[in-house]
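Worksheet: the structure to be examined is printed underneath.
Because only heavy atoms are used, hydrogens play no part in the values below, and waters and symmetry mates are left out as well, while side chains stay in. Residues take their numbers from the sequence shown, with the count starting at 1. If you're wondering where the values come from, they're calculated on a predicted model, not measured in any experiment.
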Amino acid sequence: MSQDFMRRAYKASDAMEPVALLDDFVRVITNGQEYFGKVDFFEAIPPFQCIDFCAVPPWGPLAVATPMPAATSPGKYNVTNLDLDDDEFGQWRWFPLDNIQVGLYLPSGVAKWSLKNIQGALDRAIVYRDPLLVSTEFYSWEDQRPAMQPTNFSGYVQNAARIVAFGYRYHISQIKVGNPLYTNLLNGNTPCTPVICKGFIGQPSRT
């Protein structure tokens, strides 16, 4: 069964297009700052297991391998294997390989897919409902890593809780404040692509 899920997602990766190309300008929006830059390098990252919530490093967050009991949510874990170098951002799609449900935080303290009363989550059936995994796509900046919170909603113990990710990583040459090009990009006079590397924190309530 797992091989079937992997094959479907791998085929879907062919339909994923880079958000920017060489020499394109981008506006990277993070949790506390914005950066302008020109893409000087990018490459595709093939599907790989970025975390197993039941395993030890380098693929898991636990000191001792621990199965996930039925009907439990063990906590929120940073996905350190999606860390990037300085001046790099990532474009990712992903899916759970095992029978778990997973919520996403971007970066680790900010819930993504969060509505007023509930946070959306993914399970492994996403590869059937959304074969191209478009709804799973997110962006990350440098080592402002995402976090994921798994839930074993089944009636049995899970010995593995793996996430597979794939996408692109990009390196940019930053354009600093004071450069006339920075002002043109900021004012919209020079076209650039926004890359939002965060969840939405929210605004004060209206009275």
Side-chain angles (χ1 to χ4, degrees), residues 5-6 8-10 12-21 24 26-35 37 39 42-53 59 61 73 75-98 100-115 118-151 161-172 192-202:
F5 280 114
M6 181 62 131
R8 286 171 178 266
Y10 188 80
S13 70
D14 292 340
M16 185 180 183
E17 296 183 355
V19 68
L21 300 176
D24 283 356
V26 294
R27 181 177 191 168
V28 178
I29 303 168
T30 69
N31 221 8
Q33 198 165 352
E34 296 185 4
Y35 305 89
V39 176
F42 79 97
E43 68 173 350
I45 305 297
F48 72 105
Q49 177 186 308
C50 60
I51 193 170
D52 180 350
F53 300 108
W59 301 111
S73 182
K76 184 173 62 177
Y77 299 109
N78 290 337
V79 188
T80 57
N81 286 335
L82 293 182
D83 283 0
L84 298 166
D85 288 322
D86 291 346
D87 295 329
E88 290 190 352
F89 70 89
Q91 176 185 359
W92 308 107
R93 293 185 186 181
W94 61 284
F95 68 100
L97 190 61
D98 299 294
I100 55 173
Q101 191 176 73
V102 183
L104 177 64
Y105 295 80
L106 185 67
S108 59
V110 181
K112 192 163 172 60
W113 308 329
S114 183
L115 306 179
I118 196 171
Q119 181 188 8
L122 287 185
D123 58 44
R124 66 177 182 174
I126 189 67
V127 297
Y128 295 113
R129 297 192 298 266
D130 179 11
L132 299 182
L133 300 175
V134 174
S135 60
T136 75
E137 186 165 307
F138 70 92
Y139 303 89
S140 63
W141 172 248
E142 297 181 342
D143 59 359
Q144 295 182 17
R145 59 183 66 113
M148 296 180 182
Q149 182 171 17
T151 299
R162 297 163 292 178
I163 300 296
V164 173
F166 58 89
Y168 296 90
R169 74 176 182 96
Y170 305 78
H171 186 277
I172 64 170
C192 68
T193 300
V195 179
I196 302 175
C197 300
K198 65 173 184 175
F200 182 65
I201 297 176

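For the pair Arg145 and Thr80, the minimum side-chain heavy-atom distance is below 4.5 Å. Inter-residue side-chain proximity for Glu142 and Asp87 is flagged as met; some heavy-atom pair is nearer than 4.5 Å. Side-chain contact check for Phe166 versus Arg93: some heavy-atom pair is nearer than 4.5 Å. Looking at heavy atoms from C-beta onward, Tyr170 lies out of side-chain contact with Val195 at the 4.5 angstrom threshold. Using a 4.5 Å heavy-atom threshold, the side chains of Ile163 and Pro96 count as touching. Between Leu133 and Met16 there is no side-chain heavy-atom pair separated by less than 4.5 Å.
Of the possible donor and acceptor atoms, one in the side chain of Asp98 sits under 3.5 Å from a partner among the backbone N and O of Arg162. Asn78 places no side-chain N or O within donor-acceptor distance of the main-chain N or O of Ala147, the cut-off being under 3.5 Å. Side-chain atoms of Tyr35 do not come within 3.5 Å of backbone N or O of Ile172 as any donor-acceptor pair.
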Atom pairs and distances, donor-acceptor, side-chain atoms in residues 105-115, under 3.5 Å, two or more places apart:
{"unit_1": "Tyr105", "atom_1": "OH", "unit_2": "Gln119", "atom_2": "OE1", "d": "3.3"}
{"unit_1": "Tyr105", "atom_1": "OH", "unit_2": "Gln149", "atom_2": "OE1", "d": "3.1"}

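With values rounded to the nearest 0.5 angstrom, Glu137 atom CD is found 10.5 Å from Asp130 atom CG. Distance CD1/Ile126 to CD/Gln101: 11.0 Å, rounded to 0.5 Å. Atoms CG and SG, from Leu84 and Cys197 in turn, are 9.0 Å apart once rounded to the nearest 0.5 Å. From Trp141, atom CH2 reaches atom CG of Asn31 across 14.0 Å, with rounding to the nearest 0.5 Å. The distance from the CG atom of Leu82 to the CZ atom of Phe48 is 5.0 Å, given to the nearest 0.5 Å. With rounding to the nearest 0.5 Å, the separation of CD in Glu17 from CD in Gln91 is 9.5 Å.
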(request) Please step through side chain to side chain contact (heavy atoms under 4.5 Å, CB included) for the pair Thr30 and Lys198, ending with a clear verdict. (result) CA-CA 6 Å; Thr30 69; Lys198 65 173 184 175; 5.8 Å; no
(request) Evaluate side chain to side chain contact (heavy atoms under 4.5 Å, CB included) for Leu122 paired with Phe95, printing each intermediate quantity in order. (result) CA-CA 7 Å; Leu122 287 185; Phe95 68 100; 5.7 Å; no
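When the ring pair (Phe, Tyr, Trp, His ring centres under 6.0 Å) test is applied to Tyr139, no partner is found at least two apart in sequence or on another chain. Not counting sequence neighbours, Thr136 has no partner by the side chain to side chain donor-acceptor pair (under 3.5 Å) test.
Shown here for Tyr168 and Pro18, the closest heavy-atom pair between the two residues is OH-CD, 3.5 Å. Summarising the geometry of Pro146 relative to Leu104, their closest heavy-atom pair is CB-CD1, 4.1 Å, with the distance given to 0.1 Å. Heavy atoms only, all atoms of each residue included: Ser73 and Pro150 are closest at OG-O, 2.9 Å.
Ring geometry, Trp94 versus Phe138: the interplanar angle exceeds 60°, so the pair is classed perpendicular (tilted spans 30 to 60°).
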